[in-house]
Novice: 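If you scroll down you'll find the structure; I have some questions about it.
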Amino acid sequence: RVRCRNGLDLFVAVLYAPPNSRRRETREHVHVLCQHLAEVIHKMRRRCGVLVLTDANGKLGEREYWTGDDICLIGGHGRGRDNAEGQELRTFLIDTRLCALNTLTADRSGATWFGTASTSNFDYVIASPSIASATSEVLILRRLGRRLQLTDSWANRDQCPIFVRFW
């Protein structure tokens with residue numbers, strides 16, 4: 001928990017889900033982890049904003065999700081459809097009423113992981129709506145990602161950092 005200037009607390013968490021959770025046991029562990037984090041967030045909600053940095057290894061597709069009170073939790077700037085891990089992440093976002101910041105606008109979205117044959121957006125910055133409304137910029141730092149990778153390649157071959165600026 002971090003005390004902010006405006007007197008509110010900021011709860012920060014990091015969520016990692018293993019890639020390719022085709023094994024039932026792995027999927028169950030990820031599900032339990034998401035449920036536990038959701039329980040913690042529900043307890044913290046009244047007194048603080050929430051920021052979750054994820055390496056979800058899940059893909060949120062193009063399908064938007066809006067709450068009944070017009071809050072966009074998942075924007076339509078993914079590619080294709082959710083994969084299994086993305087479906088778990090979607091359920092987590094809806095249950096906790098948190099926003100995936102880098103799905104809300106086209107300039108905030110894009111690939112964060114680069115393989116030899118494909119790219120994906122597996123990494124998400126997730127925040128409570130109050131923090132989402134105070135977010136002025138979400139950038140994928142591709143040039144820094146190239147500098148940080150261990151392979152000697154002119155192209156990105158790993159994950160790229162994400163930069164978020166709040167007002």
Side-chain angles (χ1 to χ4, degrees), residues 1-78 81-105 108-110 112-113 120-141 158-167:
R1 234 175 55 191
V2 177
R3 174 73 76 197
C4 297
R5 273 186 287 185
N6 61 4
L8 293 176
D9 289 342
L10 177 65
F11 174 77
V12 180
V14 177
L15 175 66
Y16 171 77
N20 297 324
S21 60
R22 298 194 202 302
R23 290 182 40 211
R24 191 175 121 209
E25 181 180 297
T26 304
R27 281 195 315 268
E28 288 173 1
H29 281 85
V30 170
H31 179 72
V32 168
L33 176 64
C34 286
Q35 282 184 322
H36 175 71
L37 184 56
E39 289 172 14
V40 171
I41 289 169
H42 285 300
K43 290 176 185 174
M44 303 289 291
R45 177 70 70 161
R46 292 198 171 113
R47 66 175 192 261
C48 65
V50 176
L51 182 66
V52 182
L53 310 172
T54 69
D55 179 353
N57 283 301
K59 181 176 84 166
L60 292 171
E62 300 168 347
R63 189 168 40 106
E64 291 183 347
Y65 183 86
W66 291 77
T67 65
D69 49 347
D70 282 341
I71 297 172
C72 185
L73 301 182
I74 303 166
H77 297 282
R81 297 185 329 170
D82 300 359
N83 62 7
E85 294 84 358
Q87 290 172 0
E88 182 72 38
L89 180 59
R90 181 177 291 273
T91 300
F92 172 78
L93 291 168
I94 293 168
D95 181 45
T96 56
R97 290 181 52 96
L98 295 176
C99 306
L101 298 181
N102 44 332
T103 67
L104 299 179
T105 62
R108 293 180 178 183
S109 65
T112 57
W113 179 85
S120 266
N121 185 355
F122 288 147
D123 307 302
Y124 296 94
V125 179
I126 296 170
S128 52
S130 60
I131 293 174
S133 65
T135 303
S136 60
E137 192 172 33
V138 178
L139 300 172
I140 301 166
L141 304 178
D158 203 346
Q159 290 174 299
C160 292
I162 300 173
F163 171 82
V164 181
R165 182 184 317 269
F166 305 102
W167 291 109

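Scope of the values below: all heavy atoms of this structure, side chains included, with no hydrogens, waters or symmetry mates. Fair warning: this is a prediction, and the values are worked out from it, not measured in the lab.
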Novice: Pair His31, Glu88 - check side chain to side chain contact (heavy atoms under 4.5 Å, CB included), show working.
Specialist: CA-CA 7 Å; His31 179 72; Glu88 182 72 38; 2.9 Å; yes
Novice: Kindly indicate, with the supporting measurements, whether the criterion side chain to side chain contact (heavy atoms under 4.5 Å, CB included) is fulfilled by Leu15 and Ile126.
Specialist: CA-CA 10 Å; Leu15 175 66; Ile126 296 170; 5.8 Å; no
Novice: Could you tell me whether the side chain of Asn102 and the main chain of Val125 form a donor-acceptor pair under 3.5 Å?
Specialist: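 Yes.
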Novice: Donor-acceptor pair, Arg97 side chain versus Thr67 backbone, under 3.5 Å?
Specialist: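 Pair absent, no side-chain N/O of Arg97 close to backbone of Thr67.
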Novice: With Ser133, which residues qualify under side chain to side chain donor-acceptor pair (under 3.5 Å), at least two apart?
Specialist: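 Scan of Ser133 (side chain to side chain donor-acceptor pair (under 3.5 Å), adjacent residues dropped) gives none.
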Novice: Locate the shortest heavy-atom distance separating Leu101 from Ala132; write the atom from each residue and the value.
Specialist: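 Looks like CD2-CB, 3.4 Å.
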Novice: Measure from the side-chain N and O atoms of Thr96 to the backbone N and O of Ala38, and report whether any donor-acceptor pair falls under 3.5 Å.
Specialist: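 A pair under 3.5 Å: no.
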Novice: Could you report the tightest heavy-atom contact between Ile94 and Leu73, atom names first, then the distance?
Specialist: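 Looking at all heavy atoms of both residues, the shortest contact is CA-CD1, 4.1 Å.
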Novice: How close do Leu37 and Ala13 get, heavy atom to heavy atom, and via which atoms?
Specialist: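 Where Leu37 meets Ala13 most closely, the heavy atoms are CD1-CB, 4.0 Å.
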Novice: For the CD atom of Gln87 and the NZ atom of Lys59, what is their distance to the nearest 0.5 Å?
Specialist: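 So the CD of Gln87 and the NZ of Lys59 are separated by 11.0 Å.
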Novice: Hey, could you give me the CD/OG1 distance between Gln35 and Thr91, rounded to the nearest 0.5 Å?
Specialist: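 Answer for the CD-OG1 pair, Gln35 versus Thr91, is 10.0 Å.
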Novice: Is there a donor-acceptor contact under 3.5 Å from the side chain of Ser136 to the main chain of Arg165?
Specialist: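 Yes; at least one donor-acceptor contact below 3.5 Å.
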Novice: Measure the spacing between CD of Glu64 and CG of Leu104 and express it to the nearest 0.5 Å.
Specialist: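 Rounded to the nearest 0.5 Å, the CD-CG separation comes out at 9.0 Å.
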Novice: Side chain of Asn83, backbone of Gly58: donor and acceptor closer than 3.5 Å?
Specialist: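 Not confirmed, Asn83 side chain does not pair with Gly58 backbone.
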Novice: Taking all heavy atoms of Cys99 and all of Ile71, pick out the closest pair and write down the distance.
Specialist: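 Taking Cys99 first and Ile71 second, the nearest heavy atoms are SG-CG2, 4.2 Å.
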Novice: Taking all heavy atoms of Ala100 and all of Leu93, pick out the closest pair and write down the distance.
Specialist: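 Where Ala100 meets Leu93 most closely, the heavy atoms are CB-CD1, 4.0 Å.
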Novice: Any chance you could measure Ile41, atom CD1, to Ser128, atom OG, to the nearest 0.5 Å?
Specialist: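 One gets 9.0 Å once the value is rounded to the nearest 0.5 Å.
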Novice: Which heavy atom of Tyr16 sits nearest a heavy atom of Leu33, and at what distance?
Specialist: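 Where Tyr16 meets Leu33 most closely, the heavy atoms are O-CD2, 3.8 Å.
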Novice: Hey, does Leu10 have a side-chain heavy atom less than 4.5 Å from the side chain of Ile131?
Specialist: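 They are in contact (side-chain heavy atoms under 4.5 Å apart), so the answer is yes.
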Novice: Verify side chain to side chain contact (heavy atoms under 4.5 Å, CB included) between Val30 and Glu85, making sure each step is shown before the conclusion.
Specialist: CA-CA 9 Å; Val30 170; Glu85 294 84 358; over 6 Å; no
Novice: Between Thr54 and Tyr124, is there a donor-acceptor pair closer than 3.5 Å when you use the side chain of the first and the backbone of the second?
Specialist: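 Yes.
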Novice: After noting the C-alpha distance and the side-chain angles of Leu60 and Arg90, does the key distance pass the side chain to side chain contact (heavy atoms under 4.5 Å, CB included) rule?
Specialist: CA-CA 7 Å; Leu60 292 171; Arg90 181 177 291 273; 4.0 Å; yes
